[in-house]
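Questions regarding the structure given below will be posed in turn.
Numbers for residues simply follow the sequence, beginning at 1. Quick caveat: nothing in here was measured; it's all calculated off a predicted structure. Just so you know, these numbers use all the heavy atoms, side chains as well, and skip hydrogens, waters and symmetry mates.
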Amino acid sequence: MTTSALNQLAKITDIHEDATQEMRKNILNALGYSVETEKKAEKTLKELLDAPFLEMISPVCILRKDRTSSINIHFPKGQDSFKWTLQEENESEYSGEVYINETELLETREINGVVYEKRCFELPVSPELGYHDFCVITSEGKEAKTKLIYTPEKCYFHLEENERCWGVPVQLFSLKSENNQGIGDFTDLGNFGKMLAKNKAGMLGLGPVHAMFPNVPEEASPYAPSSRTFYNHIYIDVTNVPDFKNSKKAKKLYNSADFQEKLTKIRNAPYIDYTTVTEIKTAILKKLYESFLETEFKQTPELIEISNRGKAFHQFCIDGGSELDDFAVFQTLSEHFSKEKPSPYNWKEWVAEYQDFNSKKVKTFAAEHADRIDFYKYLQWETERQLKEASEHCKDMSIGLYMDLAVGVSSTSAEVWSDPELFIKKMLVGVPPFAHIHGQNWKLAALNPVTLKKRAYLPFIKMLRNSMKYAGCLRLDHVFQLRRLYIFPDDQTPNQGAFVGYPAEDLMAIVALESHRNKCIIVGEDVGFDPKNFREEAKDFGFMRCRVMHDLRKNRVFCNSEEYEKDAVVMSSTHDCSSLSRLWKNSYAHEGELIGLFDKQGLREIAYESGILDRTELNSVLERTGAWEAVGGKPVADPAHDTEEMPEKLIQAVATYLAKAPSFGMLMPLCDMFEMDKSVNIPGTMQKHTSMSKNVNFRASKKDVLYPNWRLKDAISIEKIEQQQIFKDIVEIINKERK
């Protein structure tokens, strides 16, 4: 095969120039392009170059208000004129007729003896922001349609000039309370939100609450979900479900000695027992669904009387469309196969006929298990109701819930099962070796940019809408995903991969439109290497930045408070980096050595040396900016070696340092306030389950370095947080500095 055709295809599809020829070939095949032989590659290249001219207009056209107004249209040479119509969402209609020679000629191409012209048509009207239908009809009667998306110049942002707010970020599972069922839930979230609002916080940060895997509950990473469109029903507070008060069976089970004994154990445990939590909640939720059917759908000899609540559920199912249907079928099939001994770990291990979501077997199964499928729809309905209720407790905040959208879904997810064409086949997302010593396998599936554009970005739009629905601010995890992702074959290691590009301008424009529709600020988590000056582009679209204290350093020197950007959320730590206590005591190095994380010579020394530098520089910047003095603390004389105890007033000094930043938002996690020395997640390790149940479905390789990621509970229950002196100090400091 000549490399020219392959290289041109790689360039057109934005595969990174560093990719090997073999990797380019692999990715192009995975994207749906035939390049197995030289002849096929050349044929594919010609078809790809011919396609825009033959289809007349792209399947989607995105115009940015006050920035772009031109639409590229392709005609056979010699056409005289064309008519156009624009049908807006609000049913307003515009139309006109244009002589083709009055438009700008951009390019010509000969296809099968016919010369085609690429023309630039300037839309003479400014439609409303939204999703519209645009149609072109040539003088010969040929018609082409496109989805015209008219977007704002920038993302939504409503705070006043120089207004600065603060908040506390949480991973919902970690919230500890006296009444939850062994894991943080939406009632806890609402109660915590009320408490923060009372203390003048402007936002409550919330880690991803995407749908997970009830048949494999120990697969708990919220950043590797089963669906980013639906929610995790494990966060339902079963006692807050409206049907709980009507269900004698549910109450009897909940109050039974055996149930309460299990509940006490998992509630008091330092780590989350996902398997037992799922078991006890599912048992109650099944009885609540039975009560719902009995109460809201009353059978009479003549008809079924449906209550208003029953009608609301029906409407929820209708609004959920085929996506909700497919997701509920997947959940039901997962439950069905999980009863096998041994049970399949994921859907790729199901009986072959059920691995195809569109097979006759799946359709027959769905018809035979309709009630069970409705049960999983009921769980989504109640999950969303409780999330909405929790968000309303944050309505008095200037922003409210600051939610989180994961970078992707698991390769074994419901989304990949129900829509395989939407994802790049047999490829996984990760990090190349240059960004991490060994590279990382995130085990995520990557959206196929070709399919995404053909569908006018509708799956992406629906995902954004659901993520923003109850959020005042949305954090996009690894925002570079909008520009590119690192992928590699699912049967190889991360060092065998390459970056594949995405239509970032289109995707950012859509994010901006949805942010306005949902009145939601956008924050892009942009830690790491900046591809193709993406940060500047994102800023131009109104994306705010995510600035973690540990990462905002130049030559390992922490910047002064005033050097933080105004258009950013600053924070003392995140779920992926050390808390202040872990940073000071260099717990990452100590713990990493203990669990065998450093398997190469020199890594241990690098970890310890990094800890010394971070500790020294943190001590220095707090002195340099007057933060130590402001809280009555003193710089540590020998920070390189004095690691036994946390310095007095360190937490207050860090709060002062960050609160002085001009950034519009500031977050300080509970793990920093309460000097937690364990980590919620250590990158580079695999999950280690902490369940007491004998029914654990869990898989880990002998080569994996295990750590109880995504299982650690907070040190203090939400009922006691407000009483802690350190919390009172932090609130006073931040409210004083950021008023």
Side-chain angles (χ1 to χ4, degrees), residues 170-175 180-186 189 206-238 266 271-282 285 323-324 326-338 343-348 375-384 386-387 403-418 442-445 463 466-467 477 575 680-681 686-691 693 695-700 708-713:
V170 300
Q171 294 290 338
L172 185 50
F173 55 79
S174 290
L175 283 182
N180 68 33
Q181 294 97 51
I183 190 171
D185 57 36
F186 291 122
L189 185 69
L206 178 63
V209 289
H210 306 315
M212 297 300 292
F213 303 88
N215 64 309
V216 195
E218 298 301 334
E219 285 296 299
S221 170
Y223 293 93
S226 182
S227 171
R228 292 188 291 175
T229 299
F230 298 105
Y231 303 111
N232 190 353
H233 69 255
I234 201 172
Y235 295 130
I236 291 176
D237 172 7
V238 299
I266 61 176
Y271 292 99
I272 296 161
D273 183 340
Y274 280 102
T275 298
T276 304
V277 167
T278 301
E279 287 172 354
I280 68 171
K281 283 202 175 191
T282 302
L285 290 167
E323 290 85 0
L324 178 59
D326 292 343
F327 177 74
V329 170
F330 178 86
Q331 297 291 74
T332 308
L333 275 167
S334 297
E335 180 185 57
H336 172 77
F337 283 113
S338 70
S343 60
Y345 188 71
N346 64 62
W347 63 264
K348 295 178 182 180
F375 167 66
Y376 281 104
K377 293 180 182 180
Y378 167 83
L379 295 186
Q380 282 301 306
W381 183 50
E382 179 58 23
T383 304
E384 188 166 338
Q386 291 198 12
L387 172 58
M403 296 185 71
D404 200 349
L405 177 63
V407 65
V409 293
S410 168
S411 61
T412 62
S413 66
E415 288 191 13
V416 177
W417 174 80
S418 63
W442 291 349
K443 298 183 179 179
L444 303 178
M463 177 188 67
N466 229 41
S467 298
D477 184 43
H575 57 272
V680 73
N681 177 56
M686 298 297 291
Q687 300 176 62
K688 176 183 179 181
H689 83 79
T690 52
S691 176
S693 174
N695 300 320
V696 175
N697 190 351
F698 186 71
R699 178 182 298 173
N709 297 323
W710 317 114
R711 285 156 171 80
L712 184 66
K713 294 182 184 179

Between CG on residue Asp404 and OG on residue Ser467, distance to nearest 0.5 Å: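 Reported to 0.5 Å precision, the distance equals 9.5 Å.
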Given side chains that start at C-beta, do those of Thr275 and Glu279 come closer than 4.5 Å, heavy atoms only?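 SC-SC contact between Thr275 and Glu279 confirmed.
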Nearest 0.5 angstrom please: Trp442 CH2 to Ser411 OG, how far?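 One gets 14.0 Å once the value is rounded to the nearest 0.5 Å.
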Side-chain contact, heavy-atom cut-off 4.5 Å: Val407 with Leu444?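 Side-chain contact under 4.5 Å: yes.
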If you round to the nearest 0.5 Å, how far is CD1 of Ile183 from CD1 of Ile236?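 Reported to 0.5 Å precision, the distance equals 12.0 Å.
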If you compare all heavy atoms of Pro222 against all heavy atoms of Ala406, which two are closest, and at what distance to 0.1 Å?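 Looks like O-CB, 4.0 Å.
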What pair of heavy atoms forms the shortest contact from Gly408 to Arg228, and how long is it?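 Shortest heavy-atom separation between Gly408 and Arg228 comes out as N-NH1, 3.6 Å.
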Is the charged tip of Arg711 near the ring of Tyr271: under 6.0 Å from the six-membered ring centre and within 45° of its axis?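 The answer is no, since Arg711 fails at least one limit relative to Tyr271.
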Evaluation steps, side chain to side chain donor-acceptor pair (under 3.5 Å), between Gln687 and Ser221: CA-CA 8 Å; Gln687 300 176 62; Ser221 170; 5.1 Å; no
Indicate yes or no: at least one non-hydrogen side-chain atom of Leu405 is less than 4.5 angstrom from one of Asp477.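 Contact flag for Leu405/Asp477 side chains = no.
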Side chain to side chain donor-acceptor pair (under 3.5 Å), that's the test. Do Tyr345 and Glu219 meet it? Break it down for me. CA-CA 10 Å; Tyr345 188 71; Glu219 285 296 299; 2.5 Å; yes
If every non-hydrogen atom of Leu206 is compared with every non-hydrogen atom of Leu387, which pair is closest and at what distance?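 Scanning both residues, the minimum pair turns out to be CD2-CD1, 4.4 Å.
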Donor + acceptor pair across side chains of Ser693, Ser691 (<3.5 Å):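 The answer is no; no qualifying pair exists.
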Between the side chains of Asn466 and Thr229, does any donor sit under 3.5 Å from an acceptor?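 Per modelled atom types, Asn466 and Thr229 side chains form no pair under 3.5 Å.
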Might you point out which heavy atoms bring Pro217 and Tyr274 nearest each other, and give the distance in Å?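 In terms of heavy atoms, the two residues are closest at O-CB, 3.4 Å.
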Do Ser410 and Phe213 have side-chain heavy atoms sitting under 4.5 Å apart?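 Sidechains of Phe213 and Ser410: in contact.
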Are side-chain N/O atoms of Asn215 and Glu335 paired as donor and acceptor at under 3.5 Å?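 Side chains of Asn215 and Glu335: no pair found under 3.5 Å.
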Is Met212 close to Ser227 at the side-chain level, that is, under 4.5 Å between some pair of heavy atoms?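 The answer is no; the side chains never approach within 4.5 Å.
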Indicate yes or no: at least one non-hydrogen side-chain atom of Phe327 is less than 4.5 angstrom from one of Lys377.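 SC-SC contact between Phe327 and Lys377 ruled out.
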Nearest heavy-atom neighbours spanning Pro225 and Ser413: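 Answer, listing the atom of Pro225 first, then Ser413: O-CB, 3.7 Å.
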I'd like to know whether Trp710 forms a ring pair (Phe, Tyr, Trp, His ring centres under 6.0 Å) with Tyr223, so could you lay out the CA-CA distance, the side-chain angles of the two residues, the decisive distance to 0.1 Å, and finally the verdict. CA-CA 10 Å; Trp710 317 114; Tyr223 293 93; 5.7 Å; yes
Verdict with supporting geometry, Lys443 and Met686, side-chain contact (heavy atoms from CB on, under 4.5 Å): CA-CA 11 Å; Lys443 298 183 179 179; Met686 298 297 291; 3.2 Å; yes
Find out whether Leu379 and Leu285 are in side-chain contact, i.e. whether some heavy atom of one side chain is under 4.5 Å from a heavy atom of the other.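 Yes, their side chains come closer than 4.5 Å.
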Describe, in one word, how the ring planes of Tyr378 and Trp381 are oriented to each other, choosing from parallel (under 30°), tilted (30 to 60°) and perpendicular (over 60°).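 Taking Trp381 first and then Tyr378, their aromatic rings sit tilted (interplane angle of 30° to 60°).
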Run the side-chain contact (heavy atoms from CB on, under 4.5 Å) check on Leu333 and Trp347 step by step: do they pass? CA-CA 9 Å; Leu333 275 167; Trp347 63 264; over 6 Å; no
Evaluate Trp417 against Thr412 for side-chain contact (heavy atoms from CB on, under 4.5 Å), listing each step before the verdict. CA-CA 7 Å; Trp417 174 80; Thr412 62; over 6 Å; no
Rounded to the nearest 0.5 Å, how far apart are CG of Asn346 and CG of Asn697?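 Atom-to-atom, Asn346:CG and Asn697:CG are 9.5 Å apart.
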Parallel under 30°, tilted from 30 to 60°, perpendicular over 60°: which one fits the rings of Tyr376 and His233?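 Tyr376 and His233: tilted rings.
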Checking Ile234 against Val277 for the side-chain contact (heavy atoms from CB on, under 4.5 Å) test, could you report, in this order, the C-alpha distance in whole Å, the side-chain angles of both residues, the deciding distance, and whether it holds? CA-CA 8 Å; Ile234 201 172; Val277 167; 3.7 Å; yes
Do side-chain atoms of Ser343 reach the backbone of Phe337 as a donor and acceptor pair under 3.5 angstrom?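 Answer holds: no.
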Taking the side chain as everything from C-beta on, heavy atoms only, tell me whether Leu189 gets closer than 4.5 Å to Val170.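 Of all side-chain heavy-atom pairs linking Val170 with Leu189, at least one is under 4.5 Å.
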Let's go through Gln380 and Glu384 carefully: what are the C-alpha distance in whole Å and the side-chain angles of both, what is the deciding distance for side chain to side chain donor-acceptor pair (under 3.5 Å) to 0.1 Å, and is it a yes or a no? CA-CA 6 Å; Gln380 282 301 306; Glu384 188 166 338; over 6 Å; no
From Tyr235 atom OH to Asn180 atom CG, the distance as rounded to the nearest 0.5 Å: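 Nearest 0.5 Å value for the OH-CG distance: 11.5 Å.
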Minimum heavy-atom distance Phe173-Ile272, with the two atoms named: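 Result for this residue pair: O-CD1, 3.1 Å.
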Any chance the side chains of Gln181 and Asp237 put a donor and an acceptor closer than 3.5 Å?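 Yes, a side-chain donor-acceptor pair sits under 3.5 Å.
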Going from CD on Glu218 to NZ on Lys688, what distance comes out if it is rounded to the nearest 0.5 angstrom?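 Answer rounded to 0.5 Å: 12.5 Å.
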